[in-house]
Amino acid sequence: MQIYLNRCWRAKTTEGSQAVRLGPRLLDRYRDIFTRLYREDRDLTLRRDGWGFGLGLLGTATLYGGYAWIAAETVLEP
């Protein structure tokens, strides 16, 4: 499919696009599908990265909070 679309895009004299004139219709359909899939993939990636960043930040804060707690207990212990 991709090869056919590339041929239709580059050469207007492709037999398939001249005989049936599907070139522009297929290119528009391809662009619409690509745009929709790209948008969905981008949104999913941003959601996953947001959760990953938030949980990583929480884990890092917990780790250093534990270090601070141990250090405080050690220093403040009578």
Side-chain angles (χ1 to χ4, degrees):
M1 181 72 164
Q2 183 66 38
I3 294 170
Y4 178 75
L5 291 174
N6 286 337
R7 286 184 184 172
C8 289
W9 181 258
R10 291 183 183 152
K12 298 285 184 177
T13 59
T14 303
E15 290 179 22
S17 67
Q18 271 190 348
V20 191
R21 299 195 185 262
L22 287 176
R25 177 184 283 176
L26 289 175
L27 286 173
D28 289 341
R29 184 175 176 186
Y30 175 78
R31 281 190 201 115
D32 292 341
I33 291 171
F34 174 79
T35 303
R36 181 174 48 87
L37 290 176
Y38 177 77
R39 190 176 304 126
E40 289 174 4
D41 185 50
R42 186 191 64 205
D43 292 343
L44 180 63
T45 300
L46 289 175
R47 267 186 297 178
R48 283 182 179 172
D49 287 348
W51 276 104
F53 177 75
L55 291 174
L57 193 62
L58 178 66
T60 302
T62 303
L63 175 72
Y64 287 110
Y67 281 147
W69 178 55
I70 290 171
E73 287 293 320
T74 303
V75 171
L76 299 177
E77 191 172 291

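All residue numbers refer to positions in the sequence shown, counting from 1.
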If you apply the rule salt bridge (Lys or Arg N to Asp or Glu O under 4.0 Å), what do you find for Asp28 with Arg31, and how did you get there? CA-CA 5 Å; Asp28 289 341; Arg31 281 190 201 115; 3.3 Å; yes

N/O donor-acceptor pairs under 3.5 Å from side chains in residues 36-44, not counting sequence neighbours:
none

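- Looking at Asp32 and Arg29, no side-chain N of the basic residue comes within less than 4.0 Å of a carboxylate O on the acidic one, giving no salt bridge.
- Clustering of Ile, Leu, Val, Met, Phe, Trp and Tyr side chains at separations under 4.5 Å places Tyr64 together with Leu63, Tyr67.
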